[in-house]
Amino acid sequence: MENPVPDHVPPEMVRDFSLFTSPGMSPTPNGDPHAAVACVHSGPPIFYSPLNTRDGRGTWVITRASDQRRVLQDTETFSSHRSIFASALGENWPMIPLELDPPAHGAFRSLLNPLFSPKRVAALEPAVRERAIRLIDGIAASGTSCDVMKDFAFPFTVNIFLHLLGLPDDRIDTFVGWGRDLLHGDDVKRPAAARTIVSFIDELAAARRNDLLDDFMTFVVQAQVEGRRLTKQEVRGVGVLVFVAGLDTVAAAIGFDLAYLARNLKDQELLRSEPGRIVAAAEELLRAYPTVQLIRVATKDIDFEGAPIRKGDYVSCATMIANRDPAEFECPNTVDLAREDNRHATFGYGPHRCLGSHLARREIVVGLEEWLARIPAFRIKNGTAPITSGGHVFGIENLILDWS
Amino acid sequence: MRIIVQNAKCQGHARCAAHAPHIFKLDDAGYILPGNIEVAEGEELTASRGARSCPERALKLDREPCSTS
């Protein structure tokens with residue numbers, strides 16, 4: 001046994017469940033990994049999963065949304081500092097601000113918040129919409145079928161984000177490939193991709209130090225926290241986080257959303273004929289199909305809802321589990337596009353709330369609006385099957401739609 | 001009606017402002033401005049929807065008439 005259950009974990013609290021190895025988590029044609037994890041709600045509110053991280057570690061699993069709030073809001077007891085990216089390289093530096101705890105977190109977060117605020121995102125919207133329209137018009141003009149992931153979701157979301165970073169879009173495929181290897185690759189591809197991304201960010205930062213431009217990395221290398229410039233390692237920490245965070249998650253969300261609408265023609269037609277419903281619908285699709293598992297490390301011993309959490313234990317708050325909590329959402333496994341009071345956990349709780357949440361939301365809404373306005377009734381192409389997967393970041397590899 | 005704003009709990013989700021930007025005002029970083037909010041007559045429904053939309057539970061409804069002191 002490579003991953004023995006720690007001695008302090010009572011055997012009756014161990015369950016055979018994992019976001020990596022449970023049924024429906026490996027790449028599955030026509031899979032529904034979000035529904036697959038919802039089964040934990042028939043069990044206890046907290047249990048121990050012996051193999052629940054990419055590197056094979058055990059975690060406590062918090063299933064109730066209210067308990068996840070408690071964990072994610074209590075940064076003194078549950079630290080976010082775990083060098084998840086650097087550890088793939090055998091190094092120890094934090095992605096910033098995600099892997100800093102308060103109070104150090106605050107200064108960096110304040111620095112970056114205005115770049116991703118609702119106001120800033122509203123100013124970006126025309127460019128976002130133009131990009132969506134250009135891509136979808138191209139798709140509509142070239143036939144009655146496409147692979148949404150390859151032809152729309154990735155080029156759309158990654159392009160917006162590369163513009164934000166001031167990076168050229170002729171390298172989209174390269175960047176998406178790095179992201180895929182990093183988030184979904186094996187033990188060889190993952191560290192190789194991590195190393196490539198670090199070198200890329202380091203070189204980009206060095207280039208901007210020599211030659212200031214009007215872009216994100218220039219901002220970061222010039223920025224000050226607490227009256228001083230950021231260190232090279234801090235610049236790297238910020239650059240890597242923002243780069244990695246923007247590569248995959250929004251594209252996956254758009255893929256899951258359009259897959260849902262392709263399979264539910266009544267809902268699809270409702271949104272097409274009444275586009276005013278798309279904002280609320282996008283919120284419900286965010287609830288139903290979130291992509292990330294948040295992990296914290298206990299900084300001290302604490303008994304939590306009957307579980308003896310000990311210092312150093314990993315605690316998993318999977319957004320896809322919180323979002324299916326029947327105590328918080330009526331009929332959580334039903335997608336109700338008009339759902340009210342939809343306080344989902346998709347962007348996390350607490351001070352590490354997804355920095356890019358406002359941009360992500362806007363991209364999803366604009367993407368759905370323009371897609372539905374330009375593509376007639378679509379379904380999943382006969383003989384094809386979207387391949388979905390669980391893991392640290394849930395994903396959808398392909399989505400071949402047909403509107404012939 | 002009054003909305004009690006717990007600024008320490010606000011994490012900038014901005015869901016309240018998405019429901020009612022004229023009631024829930026944000027700073028440049030996207031976090032709610034300090035101070036409780038007196039809700040104008042006729043705005044109660046919108047305001048309570050906005051307050052209920054907070055994922056962090058940073059906004060509380062106070063339905064007591066605020067004229068009594």
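In what follows, chains are A, B, ... by sequence order, proteins preceding strands, each numbered from 1.
For E328(A), the part sitting under 4.5 Å from any heavy atom of chain B is the side chain, from C-beta outward, and nothing else. Looking at R120(A), neither its backbone nor its side chain comes within 4.5 Å of chain B, counting heavy atoms on both sides. For chain A, no part of C10(B) is nearby; none of its heavy atoms comes within less than 4.5 Å. Contacts between P118(A) and chain B at a heavy-atom distance below 4.5 Å involve the side chain alone, from C-beta outward. For a residue to count as touching a neighbouring chain, one of its non-hydrogen atoms must lie under 4.5 Å from one of that chain's; by this rule R15(B) touches chain A with the side chain only.
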H34(A) and F394(A): CA distance, side-chain angles, deciding distance, ring-ring contact (aromatic ring centres under 6.0 Å, His included) verdict: CA-CA 8 Å; H34(A) 300 85; F394(A) 280 27; 5.1 Å; yes
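With respect to K9(B) and E56(B), no salt bridge is recorded, no charged nitrogen being found less than 4.0 Å from a carboxylate O. The residues R63(B) and E44(B) are annotated as not salt-bridged, no charged nitrogen and carboxylate oxygen being separated by less than 4.0 angstrom.
Ring planes of F161(A) and F243(A): tilted class, angle from 30 to 60°.
With chain A as the partner, the residue from C54(B), G12(B), S53(B), G30(B) showing the most heavy-atom pairs under 4.5 Å is G12(B). The most heavy-atom pairs under 4.5 Å with chain B, out of Q73(A), E283(A), K119(A), R69(A), come from R69(A). Contact count against chain B (heavy-atom pairs under 4.5 Å) is highest for S117(A) among S357(A), A65(A), S117(A), A345(A). Ranked by non-hydrogen atom pairs under 4.5 Å with chain B, the options N342(A), D341(A), L355(A) are led by D341(A).
Between the side chain of T63(A) and the backbone N or O of H41(A), no donor-acceptor pair lies under 3.5 Å. A donor-acceptor pair is defined here as one N or O able to donate and one able to accept, closer than 3.5 Å; such a pair exists between the side chain of R287(A) and the backbone of P332(A).
For the ring pair (Phe, Tyr, Trp, His ring centres under 6.0 Å) condition, the pairs that include at least one residue of residues 335-356 of chain A, sequence neighbours left out, are H105(A)-H352(A).
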